[in-house]
Amino acid sequence: MDADQLLAGLHAAAPVVAPSLLAADFANLESEIRRLEEAGARILHLDIMDGHFVPNLSFGLPVVEAVRRVSRLPLDVHLMISHPTQYVRRFREAGADLLTIHVETAPEPIRLLQEIRRLGACAGLTLNPPTPVQSVEPYLEFCDLVLVMSVMPGFGGQTFQPVALEKLRRLRQTGGKRLLLSVDGGVDTGTAGPCAEAGADLLVVGTGLFSAGDYRRRLSELTETSRAVRACGSKE
Ligand code: DX5
Ligand code: ZN
């Protein structure tokens with residue numbers, strides 16, 4: 001899908017839940033994806049970990065390619081890797097529609113964000129909970145998306161850190177409406193509302209979705225909760 005169309009669609013539908021496949025049953029990935037599609041998911045979040053930038057390994061290019069083969073949903077690829085410059089082209093070729101790099105791994109991210117856009121994907125920049133929001137602000141015009149980490153990256157199932165809410169609020173102001181804001185880590189039915197209220201357009205949810213037996217029901221609970229607060233906010 002064309003990057004501009006994808007962004008316009010996500011903005012129009014926001015807040016949107018992005019299931020994180022990290023929490024899926026990898027032995028049955030295709031059926032997990034099918035269940036998510038049937039539950040109404042409109043995007044998939046894929047976490048790439050290199051055991052270097054983060055103290056864990058997840059999956060890499062072959063899995064992104066495999067997911068691309070079985071689903072037409074946009075793929076939101078989160079690169080938790082030390083050397084993103086070497087890999088963005090390959091992840092795009094593997095099927096990524098959004099590619100997000102960490103500001104901690106790319107102290108001069110402009111060229112890389114431009115390259116992601118040149119490759120036809122949406123360019124995302126993300127920051128860890130201890131990283132000040134000011135570290136991404138000089139680059140906002142080169143970003144289609146900013147992903148605010150609400151846990152230290154590397155593992156699913158951690159507790160949401162409220163510092164993310166302050167960052168979302170500030171980025172909503174400094175980045176304007178054009179910027180797609182995403183939040184990742186510890187998002188569940190309790191934290192989705194505050195995230196949406198603070199300005200999140202995309203809510204990445206792993207454990208908070210896959211722990212449910214009924215994905216459709218949980219996905220609509222998460223979506224309804226976040227839409228309700230957004231609707232209240234827009235009336236003010
Ligand atoms: C954390 C990853 C997340 C993770 C979120 O390093 O970037 O995308 O899957 O998982 P939960 O929702 O379980 O915190
Ligand atoms: Zn992630």
Side-chain angles (χ1 to χ4, degrees), residues 10 15-26 29 32-33 36 39 41 43-60 63-64 67 73-82 84 87-88 91 96-106 116 121-131 136 143 145-165 167-168 180-196 200-212 215 218-219 221-223 225-226:
L10 290 171
V16 168
V17 174
S20 169
L21 293 186
L22 191 63
D25 175 2
F26 290 160
L29 200 48
E32 288 277 65
I33 291 168
L36 292 168
I43 187 166
L44 299 173
H45 182 88
L46 283 77
D47 288 304
I48 313 299
M49 302 181 185
D50 66 352
H52 187 265
F53 174 61
V54 290
N56 197 10
L57 292 161
S58 57
F59 49 78
V63 173
V64 178
V67 171
L73 288 178
L75 304 184
D76 172 27
V77 175
H78 175 191
L79 295 179
M80 285 165 275
I81 62 177
S82 291
Y87 293 100
V88 289
F91 276 103
D97 297 289
L98 299 100
L99 267 167
T100 296
I101 55 167
H102 270 264
V103 71
E104 298 86 358
T105 64
I116 293 171
C122 303
L125 189 60
T126 179
L127 70 167
N128 287 341
T131 304
V136 298
C143 297
L145 167 148
V146 172
L147 170 63
V148 174
M149 288 306 301
S150 36
V151 298
M152 274 308 276
F155 299 91
Q158 302 181 72
T159 303
F160 182 85
Q161 297 187 25
V163 67
L165 299 176
K167 289 181 178 172
L168 287 166
L180 202 65
L181 288 182
S182 182
V183 61
D184 184 5
V187 180
D188 57 20
T189 45
T191 52
C195 288
D201 302 300
L202 267 183
L203 306 163
V204 177
V205 188
T207 312
L209 174 59
F210 287 87
S211 61
Y215 294 171
R218 182 61 61 84
L219 197 61
E221 279 166 9
L222 288 158
T223 309
T225 312
S226 41

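In each ligand, atom 1 is the first atom listed, and ligand 1 is the first ligand listed. Count residues from 1 along the sequence. Because the structure is a prediction, the values reported are computed rather than measured.
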message: The test is side chain to side chain contact (heavy atoms under 4.5 Å, CB included); show your working for H45 and L202 and say whether it passes.
response: CA-CA 10 Å; H45 182 88; L202 267 183; over 6 Å; no
- prompt: Backbone N or O of N128 within a donor-acceptor pair of the E104 side chain at under 3.5 Å?
  reply: yes
statement: The protein N, O or S atoms lying under 2.8 Å from the Zn ion (ligand 2) are H45 NE2, D47 OD1, H78 ND1, D184 OD2
message: Can you confirm whether the side chains of S20 and D47 place a donor and an acceptor under 3.5 Å from each other?
response: yes
- prompt: Just checking, is any N or O donor in the side chain of D76 or H78 under 3.5 Å from an acceptor N or O on the other one?
  reply: no
message: Taking side chain to side chain donor-acceptor pair (under 3.5 Å) as the definition, give me every residue that meets it alongside Q161, ordered by chain and number, with sequence neighbours left out.
response: none
task: Could you tell me whether Y87 atom OH has more than 12 heavy atoms of other residues or ligands within 6.0 Å of it?
output: no
Any protein N or O within less than 3.5 Å of an N or O in ligand 1? List each pair with its distance, or say none.
from     : atom 1 : to   : atom 2 : distance (Å)
ligand 1 : 6 (O)  : G154 : N      : 2.7
ligand 1 : 7 (O)  : D47  : OD1    : 3.0
ligand 1 : 7 (O)  : H78  : ND1    : 3.3
ligand 1 : 7 (O)  : D184 : OD2    : 2.9
ligand 1 : 8 (O)  : H45  : NE2    : 3.4
ligand 1 : 8 (O)  : D47  : OD1    : 3.1
ligand 1 : 8 (O)  : D47  : OD2    : 2.7
ligand 1 : 8 (O)  : D184 : OD1    : 2.7
ligand 1 : 8 (O)  : D184 : OD2    : 3.0
ligand 1 : 9 (O)  : S20  : OG     : 2.7
ligand 1 : 9 (O)  : D47  : OD2    : 3.0
ligand 1 : 12 (O) : G206 : N      : 2.8
ligand 1 : 13 (O) : G157 : N      : 2.8
ligand 1 : 13 (O) : T207 : N      : 3.0
ligand 1 : 13 (O) : T207 : OG1    : 2.5
ligand 1 : 14 (O) : G186 : N      : 2.8

task: With sequence neighbours left out, write down each residue that passes side-chain contact (heavy atoms from CB on, under 4.5 Å) with D50, or none if nothing qualifies.
output: H52, F53, V54, I81, S82
field: Stepwise side chain to side chain contact (heavy atoms under 4.5 Å, CB included) test for L209 and L36
entry: CA-CA 10 Å; L209 174 59; L36 292 168; 3.8 Å; yes
- prompt: Yes or no on side chain to side chain contact (heavy atoms under 4.5 Å, CB included) for L127 and K167, after CA distance, side-chain angles and deciding distance?
  reply: CA-CA 10 Å; L127 70 167; K167 289 181 178 172; 3.9 Å; yes
